[in-house]
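Since the structure comes first, as structure tokens, the remarks are kept for the end.
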2 protein chains.
Amino acid sequence: MAIEKLDTAIRREQIAEAALDLLGTRGIKELSMAGVGRQVGLVPAGIYRHFAGKDEVLDAVVELIGQRLAANVHLVREEAHDAIDRLHRVLVRHVRFIQENRAVPRIIFSDEMVSGNPKRKARVYQIIRGYLAQVSQIVREGQRSGAIRAELNPKVVSMALLGIVLPGAVLWNLSSGQFDVSDHAEQAWNLLRESISSDTKRNSP
Amino acid sequence: MAIEKLDTAIRREQIAEAALDLLGTRGIKELSMAGVGRQVGLVPAGIYRHFAGKDEVLDAVVELIGQRLAANVHLVREEAHDAIDRLHRVLVRHVRFIQENRAVPRIIFSDEMVSGNPKRKARVYQIIRGYLAQVSQIVREGQRSGAIRAELNPKVVSMALLGIVLPGAVLWNLSSGQFDVSDHAEQAWNLLRESISSDTKRNSP
DNA sequence: GCGTCATGTGAATCTAAAATCACATCGGAG
DNA sequence: CTCCGATGTGATTTTAGATTCACATGACGC
């Protein structure tokens, strides 16, 4: 056995990513220390050198998701300046994010979020609220610039935006990838864009 | 012990309902035959008189959900005849349904749907598609009657409608009931209604 | 070069819950 | 009333996986 010893900081990251990865195809129930260990080249017991237990591994996964979500909005802010354009980009990135991290909706709805560690549940809530707040902020800026109808509730708009993805993710999951989320997201976005834009003309190609 | 013997048809229903109920507060992983048994007044082994195993119990839960969803649309069709009104009622009923059956979104996204029994997964997909098809049908009728813009894709509209609920359900779950889903659904519905209605006037109260 | 501490290992322990089985009892058919 | 199949029970077996522990070994400071 070519034993390779790595620093615990590196291992923690490897393990969190491996776990998130495995959760994409397996499911929290079946996420085993053994499986995670295999993925990073460790024996089950090896994980315990870096995490106190499965619970802590899950915490790390949640943090990883939080980081990636935050990065999404941050990148979009740099890529574009028009509010409508930004919202569209958030949507596109979010779709990609969900596709690349299939586990995310499942974790959010998971058993763990009901009966598991309440601290983790609160943390997830906090992460999502933070994400929504970021999107709401974009909406608010759009309202100030006149691109978005001022009378709308930014929170409702931001939830509607992310709400486009969730039902798509359901069908995508259940159909084992058959359902075309991107396509659906584009169509739903057209509908949403019209209804939030200040100029009221409706385009039908 | 006052042993009460009941017909297997009754027991199957009791058990499915008990399981769906327990899933609301526990989580699939922790749904134990023991727990279900206790709920209906049976010892763990007793369940096996009526179901081959946990897997079959879950199948029964899925069927129960399917029945209730189908009933929703059916009732709405009787209550109202205007398409917009019908859509609104579907939404309201759906919100109530999700609140009374907290387990539903979790089951749809559950581990079981990823790695579990593929037949059950297919069945859930079928149930949801059926539900969406019913809603799409209402949309199509609204388009024929002129109440809903004809150029819209009915499927997108029906997904948007149900998509209002899902993000709300996320926050509702994570906030342990703090988040007001009904209120959010109403606001989001106002936005959606405007964007699908044929008359283009926008009301801001 | 060498000591020591972090990191890694394999075996063993512990636990929860599903599933099975032999036996008990209810309730309707006759 | 009495028998029999359907239903219920408690004890037991099995399994999967988390966790623990005593021991091994690599890497880094000196």
Side-chain angles (χ1 to χ4, degrees), chain A residues 1-23 25-62 103 107 110-112 114-117 120, chain B residues 1-19 21-23 25-62 103 110-112 114-117 120:
Chain A
M1 290 293 133
I3 308 168
E4 191 181 11
K5 293 200 173 180
L6 294 174
D7 190 77
T8 211
I10 297 178
R11 282 300 195 201
R12 283 181 67 94
E13 202 167 325
Q14 284 185 338
I15 290 169
E17 274 170 16
L20 177 54
D21 204 47
L22 282 178
L23 284 171
T25 51
R26 300 286 173 117
I28 295 184
K29 176 172 70 183
E30 295 123 324
L31 180 72
S32 62
M33 296 287 123
V36 175
R38 205 175 314 122
Q39 187 95 347
V40 298
L42 278 182
V43 106
I47 311 276
Y48 291 84
R49 289 282 169 226
H50 312 290
F51 288 96
K54 188 172 178 176
D55 219 50
E56 226 180 57
V57 172
L58 291 177
D59 283 339
V61 170
V62 166
I107 291 173
S110 72
D111 302 346
E112 305 294 326
V114 183
S115 51
N117 187 332
R120 183 161 54 243
Chain B
M1 289 294 131
I3 307 169
E4 190 181 12
K5 293 199 174 181
L6 294 175
D7 190 76
T8 211
I10 297 178
R11 281 300 195 201
R12 284 181 66 94
E13 202 166 326
Q14 283 186 337
I15 291 169
E17 273 171 17
D21 204 47
L22 282 178
L23 285 171
T25 51
R26 299 286 172 117
I28 296 185
K29 175 171 70 183
E30 296 123 323
L31 180 72
S32 64
M33 295 289 124
V36 175
R38 205 174 316 123
Q39 186 96 349
V40 298
L42 278 182
V43 105
I47 311 276
Y48 291 85
R49 289 280 170 228
H50 312 289
F51 288 96
K54 188 172 177 176
D55 219 49
E56 227 180 57
V57 173
L58 291 178
D59 284 339
V61 170
V62 166
S110 71
D111 301 348
E112 305 294 326
V114 183
S115 50
N117 188 334
R120 183 162 53 245

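To the nearest 0.5 Å, the span separating CE on A/M33 from CD1 on A/I15 amounts to 9.0 Å. A distance of 9.5 Å separates CG of B/D111 from CD1 of A/I107, quoted to the nearest 0.5 Å.
For the side-chain hydrogen bond (donor to acceptor under 3.5 Å, both in side chains) condition, the pairs that include at least one residue of residues 27-47 of chain B, sequence neighbours left out, are A/E112-B/K29, A/S115-B/E30, B/D21-B/Q39.
Contacts of A/R11 classified as side-chain hydrogen bond (donor to acceptor under 3.5 Å, both in side chains), with partners at least two apart in sequence or in another chain: A/Q14. For B/A16, the side-chain contact (heavy atoms from CB on, under 4.5 Å) test picks out B/A60, B/L64, with sequence neighbours left out. For B/E17, the salt bridge (charged side-chain N to carboxylate O under 4.0 Å, His left out) test picks out B/R68, with sequence neighbours left out. When the side-chain hydrogen bond (donor to acceptor under 3.5 Å, both in side chains) test is applied to B/D59, the partners found at least two apart in sequence or on another chain are B/R120. Every side-chain contact (heavy atoms from CB on, under 4.5 Å) that B/A19 has, sequence neighbours left out, goes to B/L31, B/V36, B/V57, B/V61. Partners of B/K54 under the side-chain hydrogen bond (donor to acceptor under 3.5 Å, both in side chains) rule, at least two apart in sequence or in another chain, do not exist in this structure.
Pairing analysis of DNA chain C (Watson-Crick: purine N1 to pyrimidine N3 plus N6-O4 or O6-N4; G-U wobble: N1-O2 and O6-N3; both under 3.5 Å) yields stems of 3 or more pairs at C:1-30 with D:1-30.
At the heavy-atom level, A/L31 lies under 4.0 Å from the strands shown only through sugar-phosphate atoms.
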Return the polar atom pairs (N/O with N/O) between nucleotides 2-6 of chain C and the protein under 3.5 Å, or none.
none

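At whole-Å resolution of the value, CD in A/E30 and P in C/dA16 are 20 Å apart. Between B/I10 atom CD1 and C/dG27 atom P the separation is 13 Å, expressed in whole Å. Taking atom CD1 of A/I28 as the reference point, atom P of D/dG17 lies 15 Å away to the nearest angstrom. Computed from coordinates, the B/E56 CD to C/dA19 P distance equals 11 Å when rounded to whole Å.
Listed by residue number, the members of residues 38-54 of chain B with any heavy atom below 4.0 angstrom from DNA chain D are B/L42, B/V43, B/A45, B/G46, B/R49, B/H50.
Heavy-atom minimum distance, A/E56 versus A/F51: OE1-CA, 3.4 Å.
When the side-chain nitrogen and oxygen atoms of B/R11 are compared with OP1 and OP2 of D/dA6, none of them lie within a distance under 4.0 Å.
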Distance-only donor-acceptor pairs under 3.5 Å for side chains of residues 40-50 of chain B, two or more places apart:
from, atom 1, to, atom 2, distance (Å)
B/H50, ND1, B/T8, OG1, 2.5

